[in-house]
Each structure stands twice: as C-alpha cells, then as structure tokens.
Amino acid sequence: MNVIARRILPPVLLGIVVLAAWQILVTALAIPQIVLPSPAAILAETLAYIPVLFSAALVTGWNALVGLVVGSLLGIGFALVAASIRVFDELTTPLVAALAVIPIVALAPVLYTMYGADVQSARQAVAGISVFVPVFLNTLRGLRQTRPVHRDLMRAYAATRWQAMRTVTLPTARPFIFTGLRIASSLSVIAALVAEYFGGPRGGLGTFITASVAGSDYARAWSYVLASIVLGLLFYLAALAVETLAVRHRPA
Amino acid sequence: MSEHTTATAIAEHSAGPAAALTTPTREGSGRARRLLMGLLGVLAVGVLWEAYKFLGPDDGVVVAGVRILPRTTDIAMPHLWDMAIRMTEPVTRAEGADLLWVATAKAAAFSLGVAALSWVIGVTVGLALALLMQRLRTAESAILPWVVLSQTVPLIALAPLVRNWGSKLSLGPISWENWMSVAVIASYLAFFPVAVGALRGLKSPDAIHADLLRSYAASWWQTLIRLRLPASVPYLLPALRLAAANAVIGTVVAEVSIGLRGGIGRMILEFAQSAAGDPPKSWAPIFGAICLGLLAAGAVALLGLALRRYRRGEEPA
Amino acid sequence: ACTVDDGGDDGTGSGATGGGDDGELTQVRLQLQWLTQGQFAGYFAAQDQGYFADEGLEVEIVESGGDIVPQDALVNGDVDYAIAWVPKVLGSIEQGANITNIAQIFERSGTLQVSMADSGIETIADFEGRRIGSWGFGNEWEIFAALSQEDLTVDDIELVTQGFDMLGFLSGDIEAAQAMTYNEYAQVLETLNPDTGELYQPEDLNVIDYNEVGSAMLQDAIWADTERLANEDGFAETTVAFLRAVIRGWVYARDNPAETATIVTSAGSTLGESHQLWMTNETNRLIWPSTNGIGLVDQATWDNTVDMALQTQNETGSTLITTAPPDTALDMQYIEQALEDVEAEGLDVMGADFQPIEVELVEGGN
Amino acid sequence: MSTIETTAPPERAGAGAPAVAVTGLDKTFTTSDGPTQALKGIDLEVAAGEFVSLIGPSGCGKSTLLRIIADLERPTTGEVRVFGTSAPQARLDQAYGIAFQQAGLLGWRTVAANVELPLELHGVGRAARRARSTELLELVGLSDFAARFPDQLSGGMQQRVAIARALAERPRLLLMDEPFGALDEMTRERMQTELARISAETGAAVVFVTHSISEAAFLSDRVVVMSPRPGRITTTVTTGLGPVGERTDALREDPRFFEAVTAVREGLHAGSAGVAGTGGGSGGTGAAT
Amino acid sequence: MSTIETTAPPERAGAGAPAVAVTGLDKTFTTSDGPTQALKGIDLEVAAGEFVSLIGPSGCGKSTLLRIIADLERPTTGEVRVFGTSAPQARLDQAYGIAFQQAGLLGWRTVAANVELPLELHGVGRAARRARSTELLELVGLSDFAARFPDQLSGGMQQRVAIARALAERPRLLLMDEPFGALDEMTRERMQTELARISAETGAAVVFVTHSISEAAFLSDRVVVMSPRPGRITTTVTTGLGPVGERTDALREDPRFFEAVTAVREGLHAGSAGVAGTGGGSGGTGAAT
Ligand SMILES: Nc1ncnc2c1ncn2[C@@H]1O[C@H](COP(=O)(O)OP(=O)(O)OP(=O)(O)O)[C@@H](O)[C@H]1O
Ligand SMILES: Nc1ncnc2c1ncn2[C@@H]1O[C@H](COP(=O)(O)OP(=O)(O)OP(=O)(O)O)[C@@H](O)[C@H]1O
Ligand SMILES: Cc1ncc(C[n+]2csc(CCO)c2C)c(N)n1
Ligand SMILES: [Mg+2]
Ligand SMILES: [Mg+2]
C-alpha cells in the first residue's frame, strides 16, 4: 500500500501527465503524423500489430539473451582470472578500456564479415561484447571488495584458495556482479537491436523500425520502439528478479 | 523497480569510491609497469590475431552450425600490417587526398569536438536532474524510473526524429544545424550515468555529516556546496568517465544515422563502400573511434587528477 | 563555385521565391538521398558549371546519411526539393506527406540482384529457399514485388539485411545480394576473386535486372511541396528554372562523364576515382537514352509503380500503401515546361545516341 | 600541554535559564516493523555549566535524547528548552556545539579547515578562523597536524579534531555522543582530563553520552542512568567529586572515585535488572539520588 | 546464563610446550614513506592455559604482535613458536582461534552459519556443526538469533558471534584483538566474566589485546604493557587476582582489583613517559614484575 503510494504512483502519474501533454499538443496544434505521431496513434498501431511486434521482439530478444548469457559468462570468467592473476589484469586493462569505447556501429559491420551476415551470431556477438564490459568491470571490482578482516580469517583457518573464493570472495562480489548484470540486461537489447541496422536476417525490431521510418510511417516505427522499450524493461526486471532470488539476504 | 537497485546500478558499475584500502607499496613502481604491461597486452592481441588468422580455417570454426570463431579471410581479418600500411597511404587516388591516418585523425578531432559538447550538455542535464531528485523525494521517485527507462530506448531510432524536430526549431538568429542533432543524441546517452552517479554521490555523505551541518543551521545551498558536492566527487568521476565514453559512442552512432559530414561516423559510412575491395581501409575509422574514446576517457582522468583532494581514501585506480 | 552543405542551413529552407531577374540569387536547397556521389552527378555538374547561377538560383546540396528520409526533410520545410525513390515516397504520402513528383529523373531502375555464377540463381523463381539480400530502408519493395509475380511470398525466401558493403555477399552469407548497378555491383567488381587472384569479372556473376523482371519501380525523382507549387508566388517559376538547370547538368554529365566524376569527387566524395567514374557512367545509363525527354514519365509507367505499391505485401502482411495516392502526387507540367525551354535552346534532352563509356575498375575502386 | 585561554562566550538571552530542560519527553520511531518507543517520560534538567553524563545499555536511547536536545530529531511528546528557548531556536542560535561517536570529519578538508567549518558557515573572517583553529588544535594537541588530511590521522586524533570543531564557536552547551569511544585508554584518560578542564574554563554545560562507567564518574557532576528500551531515567548519581575543573589524574586512584564508579555500576545493574539476564553485582556504596 | 560444557580438546603434539614463545622479535614494515619499525626486541612467553593481555597506546604494535603469532604477518627477525611448532605450522594445525577488532562476520550467512564457518571449512559434518553452534550461541547468549543475519544484530551482538566462532574448534589458544572494543560497558563486563570462565574451562591460553586498563586487569594472569612505536615490552604486571576462572563481578569492587588497575596504569604511563606529553599520574601500588 505504502510502497505503491511512494514508489509506483509518482512515476506512473508523471508518465500519464507527459503522455497527456503529448496527446494534447499533437491534437491542439494539429501536428501531422509525419512529424510527431500521437500516443493514441502509436497505441492503435501497436494493438493492430501485436503478433508482428511479438515475433520481432522474439527475434531481437533471443539475440540479446544469447549475448547476455555468453557475454556475462565471459565477463565473469575473465574477471575471475584478472582478479587472481595480476599480470593478466595488467595486460587486459587497456584492451577492456578500448572495448568500452568502441561504438556498436563501428563494430557491427566488421563482426558481420567475421561471423557471417546470414546468421544471428554477429548480432549476438555485438550484444555479448556490450554486455562483457560492464559485467567484467563490475565483477572485477566486486572481487576486490574482500575485506581485510575476512582475508585474515580465511588465512587463519588455513582455507584453500578455492575455499576462500567460495566462502568469501565470490559472495562479497555477488552484489557487484548483479549490478553489472542489471546494467547489461537492457544494454544487450539495445545492442542487438542496433546491430540489426547493419545487416543480418530480417525480422527483428531494428529492421522493422528502419523499414517503417523509410516509409515515414512514424506511428508504426514508434510502436516498434515501444516494443523494444518493453523488451529492455523485461530484461531489466528479469535481471532484478534473478538478483533478488540469488541475493536473498543483501547485507546492509 | 527498486529505488536502491536502480540508483546504484551505474555508479557501482563505474566504480564508486573504493574503501581506503591503500597498498602503498604497489603504487610507486606501478605506473611504468602498468604502461608496459598494457602495451604488451595490445601486442598480445595482435599476435593472437595473426596467429589465429594463420592457423584458423578460412571459414572460421563452426560448431553445430554456429560459427564460434570468425573467418580468417583477408576480407574478414586483414593482416595487421596491411592495416598499418594502408594507414600511411592516401585515402583515394584523387589528387590532394589526405593520407588515411591524417584523414582519420581529422575525423576523430571533429567527432571529439561534438562529443565534448555533448558531454557538457549531458553532464549539465544529469547534474540538474540529480540535484532535483536529491532535493525532492517525490521528484526522485517520479523521475528516476523514467531515467532508467530512458536507457532502454534505442537511440539510433531517435536520430532521424531528433533531426526532424530540430529542423523545426530556430533559436533567433541561430538555426538548427545537423551537428546539433548529433550533440543532442549523444548527450542523451551521456546524461544517464551522471544523473544516477551524481544522485548517489549527493546522497553519499554519512548521516552524521548531514546532522552536523544541520546542527550548524546550514542552508540547503551551504550543505550542497560544503558537503554534498565535494562528497559526490568520487561517485561523479566514474560517472563522468562513463558519460565521456557514451558521448563518443552516441556521437558516432548519430553521425552514421544523420550522415553528418566530417566525423568518424561518416567515415564508417563512406569507407564501407570499399570494404570489399579495400578491406584494411574500413578499419581506420574503428581505430579512430577507439583513440577518440580513450582520449575522452583520458581527459576525464585528468579532471580526476585535478580533483584528487576530493578523492582521498579512494583506492588508486 | 561548388558548395555542398554538410547539413547546416538557415532552417527555413523556404527561400526559393521569385524569379531570378531581380539580380539577387534565389536560395534553393536540394536534399539528396545519400552521400555525395556520382548517383547525383547531374546536380553537382549543374552546380559546378554555373547552370543554377545562370537561372538565378543559389543551390545548396544537402547530403543525407544512414537514416535520413529525404521526403521528410522536404515535408519539414528544411529543403525545397528532395531526391527520393517513388515507392518510398508513396508510403510517406499515405502518411500525410503532401508532396509532388516534379521530375522523374531516372527512367530505369538501377537495382540488381547479384549472385555468383555457380549459385544457380538465374531467375526470381530461383530465389525460393535462398538467402536473398536487401538493404531494408524501403529498398526491399522491388524484391517483394518480383516475388509476388512468381507467386512466391517472403516466407519462401530467407531475407537478409545487407550492410553498407558487399562483404556479406562476397563471404557467401548472402546468395543473391541487392546491388545498384552504379555502386554495389561495382564494389564487387573491384574485389579480388580469391579463386582467380584477379578482380571479379561480370562472367563470374549472375545478374537479375528488375527492369527485365518487370517489377522495377521508379527510383530517383525530384519532389517538391504540393502546397507551395500551387500557392506560393513564384515557386512554380523557380521550380521550372531549377529543373532547367538540372536538365543541363545531367546533359553535361552525359556528355562529359570523366569531368563530372571529378566534379563530384571534389565536391567531397571520398569514393575512389574509378568507382566514381563507374557510378557516373552507370547513372547516365539509367537516364539516357530517354524516351520522353529526361524527367518526363508517362502516366502508365507511374501507375505501374503505384499498382505494385498497392498490391505488394511485405513480411508483416502490410502493403506499401492501401489507397492510391492523390493526383497531385505526380505533376509533370514543370518538367514539360523546362524541357520545352531547353529544347528551344537546342539541347538534346533525349540522348538517343547516348553511348556509355568503358570504365576500367581498379581494386578497391581507388 | 599548555593551558589555553578559552574565553567565556558573551552573555546571550536566557542566560539565567538552565542549559537544558527536558520535560515529559517521549519518543517513538515509526519503522516498517511498526513503532519503536525509544524514550519514555524523560525529565531532565542540566544547569548552566553543569556536566551531566548519560549512561545506559546500548539502544536505550542516549543518542536519541541527545539528538532531540540538538533538534536533530523531534520529540513525540514533551518539551525541550535550551537556555530558555526552544530546541529549534537554540540550534539556529548556535547555542550548542556537538561531537558524535564517529568523528565525521570532511575528508577533503585539512584538519584546520575542518575545525573552521562552523565558523566559515557563519561568516567568520579568514584570519579570525585561522587564529581560532590554531588555538583549538593546540588545545587538543594536534598543532602539528593542522595541514594534514583526516585520513592521515589515527581514529583517536580524528576524534580530537571533532572535539576541537565542536568547541569552535565557544558554545555554552556541549553535546557529546561517546566522543572518546574510539580512543585508546591512555589518550582517553588524557582527553577526559582536558575536557574536564575545558568545560570548567569555558563554563559550558556538557551533556555527555558514554558507555564507560569510569568515564562518566570521572567527568560528571551528575550521571544519569538510563534503562533499556524504552529508555527511562532510572537513577541519577551525583558523583560528589568536587568541581569538574579540578579533577586530575590523581582522582583516578582516589577511593572516592571508586565509590562513584561503584555507585554508577550499581545504578546501571539495578536499572536493567530483570531485563538482561544478569542480575546486579554485589554491594557497594554510592550517592544515588 | 547457564554454564555450558566445553570439553577440553584432545591432547596434541607439543602439549608440554608453552602456548606461545616469542623470542627476539622485530617487525619492520616497508611503506612508500620508507620503513616503519612496528616492533622491537619482543620476548614473550605465554604458558598453556595462561591469560595474557597486551596493552599499550594506539599504534604500538599490539595487533601486529598478535598477527605475527597467528602467522598472518611474518616477523622481520626473531622466532615465534606456538605449542612448540612454528607459527605457520600452528596455523595449518588450527592450533588457535582468533577474533578481531571488527567482528568480520560474513553478511550473507546466518549467525549460526557464521559460527559454523571454520568447522565447515575443516570438514565437520552438518549435524555436529549445528550442535556446536547451538552450544556456542547459548554460551554467548544469542540462541534466539541463530537464524538471523549479522546486519540484524547490534555491533555488540556481532562481536559475540565472532567470539563464538573463534571458540568453535575448541582451540587451546585464543588470540583476541580488542574483541570487546565495540561493546557497551555492561555487556562488556558480562562478556569479560564469561570469557574468564570459558578460558578457564577450556584450559585455553589467551593472548588478549585491549585498550582498557580495567579489562586487562580483570581478565589477565599477566598484563604485558607495551611502549609507543617502535613497540617494546616495557613492563609486565602480574595481577595476582587468583585463578582467572574464579573471577566474578564481585571482584570489580574489590580493592585488590583497584590495585591491579592502578599498577597497569602506572606501567602504561611509565612506559610512554617522555613520549606523550603527559607524565605518569600520582602514586599507587601494583605488583609490577
Ligand atoms: N532513526 C531511527 N529510526 C528508528 N529507530 C531508531 C532510530 N534511531 C534510533 N532508533 C531506535 O531507538 C532506540 C534507541 O537508539 P539510540 O541510538 O538512541 O540508543 P543508544 O543508547 O545511543 O545506543 P548506543 O549506546 O548503542 O549508541 C534503538 O532501539 C534504536 O534502534
Ligand atoms: N600492513 C602494514 N603496513 C605498514 N605499516 C603497518 C601495517 N600494519 C601496521 N602498521 C604500522 O605498525 C604500527 C603498529 O600497528 P598496530 O596495528 O599493530 O598497532 P596497535 O597497537 O594494534 O594499534 P591500535 O591500538 O590502534 O589497534 C603502526 O604504526 C602501524 O601504522
Ligand atoms: C543505410 C543504408 N544502407 C544502404 C542503402 C542502400 N542504398 C540504396 S540507394 C543507395 C544509394 C546508391 O548507392 C544506397 C547506398 C541505403 N539506402 N541506406
Ligand atoms: Mg548512541
Ligand atoms: Mg590494533
């Protein structure tokens, strides 16, 4: 009850106000569809195209998911190695920094050539690379949060490396890993979608956005954008849910 | 969506202030060593590239119908030396054409300019939002979810719209230019980490500090200047670095989308035309983009150096 | 003499008023549908040769990029004229764009579907079950139209989005790639064939020409705002003047392909020399020889494109347009007037004896 | 350490009134688990210049009471007057100085700048600020550290800076929440002696929260013993060890001091008997009021 | 609180040897500012079953000495033997239990699971672990909190869990670094009494670092007083208050206890005279060895 009043109501109200203002603006100033479609028009378009939206979201979502899973696994794995082998960390620091600043638009064409333009792999790779960076950085940071007193304790218990990793290092890093995953979740959707602009099989949200825009069908383009927002949100919420399940008790 | 989790997301991502766990012995010899190791790392990737290109099958490694490792043809993976040599040759045979690396540097400089402006806009907007959210709890709960949601919008889809709307604007004598659209799109990416990071930073002072200032009957403004802003620096700097990277990425994407002439994005578009016949050429803008991003991140690192008084107790990065 | 705008302008774009006889040049903005390149050779030639200035026009040529929709820039009032493909604009018109095709510059479609000689793809019917490339951005409609002629649907092929390059095709990921005669086809011919160690030769490729298939749609046309044509004082005259200069430009390009290619390159294109020349030459072939005079399209050809747009479905089941465009969508009076004017000067607007030149492509197009 | 001249503050309104007068104070926190009563029926008067310690088991509401006096927390019911004015007014008037359990220094300010913070906020000029901080750092024995940053100081030194800061504006009332909790015993005893002297010299009243029985006994005119939650005042022990300003280290080995300690301990154990598992210890004398 | 049966550990090798024997120990840390000598010429022997406290000003090296005994830090020169074996061997043998200044609980484990941690790491079965943690939590008075998480506990309670954890494997040597520093006085006194009993019952030797003079005096057979940096042992005070296991709250009001306190204080002040500004206090009796 209280949570609804404090957490849910304000953003929903703000959203409604903004949408209403948008609708009124478009109606009152008779702004043509081609300049700015009204929320009502977008909604109508969305409702009319639900099956298409759904199948497109499925294509993009699947790529994002594969990228998310593979990128996260690689990110966590590399972070584990970097945390335990200092040389590896030093070797990879500039590479990760570089990876973090490569625009998808530059990467996508290259990856399409390397992996093939007829399969979804290149898109999944694009998503995976965008996921890798935040997951790697957060995990690495998390793995370095081990408190000295815990490290001492493990040493005092003559715990093996693996035991220390399992009982102290990983659990300490866990919230950080999930933070990385949360960021990565919606990022993976955007990356997979943007990658569609540069080639690959048709059928995803990205290709349909471009197709609609090319015909000035902005209401439909927006309905695809809307679907991609919903998809991104779903990914985010799923990451949040996994986090809540995995970190049942979040130490203050 | 939980307030805590959303608010922490980016700031944590971007390495909030680390505990005062300084290991002083590490630092002194570190700098030169890190540089050397970094170079070695880059070298290692180069060796890996060539080694895989040499050993790997032309059609890549395909497992169960999925290509796990890339193709190794000259088109897919040009030799590094070919890329390097191509860099020193003119862009085209046309008279007066720049050398490729010169053209790339020029394009990078152009994009950097736009990105810098986007960064400034993004940081300003992000800070303003953070202040608003810090000041008013209702504003925070109303805005923050939308701020998070804003980042699920594929900005590439917005680019043509922004250009369309921008062209409707004319601010007195100043007319809307395409590079402004690019800046708007890039700042849309840049504002997010700042808003979230700054909010976290502004809320970072211990309760005891807030109490102290309250006991001094300090005004909100005094508290902001003396306490909240300085305390937020360790959160802000990683956010600024992220914003810089995002500004660069956003600039390049928007340049591609809008076709703004002069920058790296445009170069990607143009060189794609000869990607098949002249594969090493299309790598130039990629290296340009990387240098650009690293340069931007480096600039923020300098800023961090200037603000190091506010980062005491942070683990040296 | 030759300025290409990189996008910036005064934002109003509606400066094109009045004739050119008061000594002051009339500002005109022309929106291209892609980067500066030989595809738009005629406009750059007109600019360079001072044909626009002769008509009292100061023309600014505005490039576009990946996602810029020229007809939207026109509708927004950013520019006075825009170059765009007819099928794409038909969609925009249905969405409320009130614009008119004032000159159908390209008479033929430049779109090919290119496949390797050994791929066995020689007709549209062979598309079935194959990986067929298209850029998207509305360039896919010709494929859809061709498919429906063969009673195929999108579901019978595997449609792959092509990037800005032909690498997907060359790597074999795309079995039949969309290619403009003037651009992507040349990109392939500028690439070393790993089997022969030499550049790809036309014999190495199967080419399906949509003009021959019968599903070709009208491409580069010049569009203007219907409202302004009808109501704005002097705009009609400006339009005719503009078209006169454009015609002269294209005639110049036809007669001087090499010079024109150089003009385009110095206007800021980074395309290689041989590629630029190839593009200029091939573009000429889409215009010349002209049946009715450059820019003039007969109603039947137009209706043909409209009919395809009405009938062809894409993979989401929607057609490009659901109702026929208003009659104002095509208005040939300005080009007719312009043709008449320049023909009076003795200009050859038919190019009946046009002969394309031989262009030798070099690796990378450089 | 030399004795530093800490002049008494100029007379202000309500000088005749007690430093602190708390009547019928209740405090209930509403948390997500429901309401928690932290304080119940607190009546407390601290005379001007008096040194009063609050002692009691953890969670009994000592800090809460202090915070209410400082107007950092609002009472649920009851009244708080500081030098005759309301608590909010007293805060605006800067009638008190405050020091917390944690030092709470600003990490980006030098030690001197930390001490000067309240002066800076209230518009005191640079030279006057510098003079005052020099004086105060000498008082707490950190003159050599004026230009250092807090993270270069031990926890104990940080706490001493915090105390200097609390004294910056020559308040007539000092509110201190376990300020010596982080100090080692020797420094702690030294600081206690200093604080006794300072409070006497400045004539400031002190409300001092502590966990340490001996600290409370050594420093206070009166020790207020509180019961576990909901915090009530169960006993008030008047130490009777003479003027606070005259207490020196010798007192620590004085039998009267042991008596006072024992009295406070008894009071504590009696107050929490039946709540915690352990009963009170064996007998002892003490001047319980 | 009921008395819990804490059986003595089975005999192990080197049972006749002293629990701790430190000879000629120096410790120098190399930092970026150059070397810091933390300890100098430390000789210390702790007999099996003996309770020895280390006291001294902050930074004098108490923790360092303890950490060297625990093999968490290597000595620069000198030798450390624990029950006749080397310190590293003793660590591998789990010859000691340890508790730190900070509780250092794992926030994602329940209280019981925290106590069971060392047992789990050393392969003790689930049932045996549960039985032991139940026993220990009763010992420290936290039976009701077994299923809670550390952040739901007060700082004092957390420290009690840490002590229970240190006792989990029935070590014959307990190393404790200010384990009661965070507890309030009452709980602290109670825990002291408990610790005295436990150490006697288990027969474990204890090396106990503290800042509190009274705590050291109350708990120890011997109090080792250290000087400021570089840490040296300046005095050893034998409290002479009888067997540690028989010390109860009554002792706190016993004149013999005050004497021991005074002796330790004198030792401390003497040890740091000339270093800190304050000289030793006035006279008093104490059994300084
Ligand atoms: N802001 C708050 N919200 C809810 N409960 C609070 C709050 N502040 C304090 N409490 C509760 O009020 C009670 C008294 O807390 P307080 O901090 O005053 O105790 P204390 O005597 O200072 O304890 P300690 O000796 O550990 O410092 C505790 O039960 C505490 O949990
Ligand atoms: N890892 C380290 N590196 C460098 N110097 C250290 C290190 N650990 C301790 N020191 C230094 O050694 C000295 C002794 O430190 P130690 O922590 O043992 O003191 P202590 O007596 O336990 O102090 P406290 O009572 O404050 O806990 C200090 O000067 C400290 O700064
Ligand atoms: C983003 C994007 N990529 C490719 C094309 C394909 N295309 C169709 S016409 C044309 C101009 C002549 O080459 C080109 C390149 C496009 N329109 N937009
Ligand atoms: Mg408190
Ligand atoms: Mg210590």
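Since the model is a prediction, treat every value here as computed from it, not as a measurement. Sequence lines set the chain letters: A, B, ... in the order given, protein chains first and strands last, and positions in each chain run from 1.
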#### Entry: Any side-chain heavy-atom pair of V66(A) and W62(A) under 4.5 Å
yes
If one checks every heavy atom of F88(A) against chain B at 4.5 Å, the contacting part turns out to be neither
Applying a strict 4.5 Å limit to non-hydrogen atoms, the region of V87(A) in contact with chain B is both
Greatest number of non-hydrogen atom pairs under 4.5 angstrom with chain A, of L69(B), L35(B), L292(B), L36(B), falls to L69(B)
Give a yes or no answer on whether the side chain of T152(B) reaches the backbone of L149(B) with a donor-acceptor pair at less than 3.5 Å.
-> yes
**Item:** Donor-acceptor contact below 3.5 Å, side chain T72(B) vs main chain P57(B)
**Value:** yes
Chain B shares the most heavy-atom pairs under 4.5 Å, among L111(A), V189(A), L14(A), with L14(A)
Does any donor atom in the side chain of R71(B) or Y115(A) lie under 3.5 Å from an acceptor atom in the other side chain? no
Is the backbone N or O of E243(A) less than 3.5 Å from a side-chain atom of R174(A), with the two atoms forming a donor-acceptor pair by type? no
Turns out that what part of V42(B) lies under 4.5 Å from chain A's heavy atoms comes down to both
Cut-off 4.5 Å, heavy atoms of chain B, and the answer for I209(A) is side chain
May I ask you to decide if M77(B)'s main-chain N or O and K53(B)'s side chain share a donor-acceptor pair within less than 3.5 Å? yes
If you tally heavy-atom pairs under 4.5 Å between each of A97(A), A106(A), P109(A), A191(A) and chain B, the highest tally belongs to A106(A)
Honestly, the part of I68(B) sitting under 4.5 Å from a heavy atom of chain A is backbone
The interface call for I143(B) against chain A, heavy-atom contacts under 4.5 Å, is both
Flag side-chain contact, heavy atom, 4.5 Å: V61(B) against Y52(B):
yes
>> For the backbone of P37(A) and the side chain of W222(A), can you confirm whether one donor and one acceptor N or O come within less than 3.5 Å of each other?
In response: no
So, the part of A44(B) with a heavy atom under 4.5 Å from chain A: the answer is neither
The interface call for A100(A) against chain B, heavy-atom contacts under 4.5 Å, is backbone
Determine whether S186(A) and Q151(B) satisfy the following criterion, side chain to side chain donor-acceptor pair (under 3.5 Å), listing intermediate values before the conclusion. CA-CA 8 Å; S186(A) 41; Q151(B) 298 305 300; over 6 Å; no
The interface call for I229(A) against chain B, heavy-atom contacts under 4.5 Å, is both
Most heavy-atom pairs under 4.5 Å with chain B, out of P103(A), A98(A), P11(A), belong to P11(A)
Turns out that what part of V153(B) lies under 4.5 Å from chain A's heavy atoms comes down to both
| message | Ring-plane angle category for W49(B) and W283(B), please: parallel below 30°, perpendicular beyond 60°, tilted otherwise. | response | perpendicular
When the 4.5 angstrom heavy-atom criterion is applied to F136(A) and chain B, the contacting part is neither
>> Could you check whether D89(A) pairs with R144(A) (Lys NZ or Arg NE/NH1/NH2 to Asp/Glu carboxylate O, under 4.0 Å)?
In response: yes
Side-chain contact, heavy-atom cut-off 4.5 Å: S257(B) with Y197(A)? no
Pair count under 4.5 Å, heavy atoms only, with chain B: among V119(A), V18(A), T93(A), V110(A), highest is V110(A)
Applying a strict 4.5 Å limit to non-hydrogen atoms, the region of V45(B) in contact with chain A is side chain
If one checks every heavy atom of I268(B) against chain A at 4.5 Å, the contacting part turns out to be side chain
Whatever's closer than 4.5 Å to a heavy atom in chain B on T92(A) counts as neither
If you tally heavy-atom pairs under 4.5 Å between each of P285(B), A142(B), A76(B) and chain A, the highest tally belongs to A142(B)
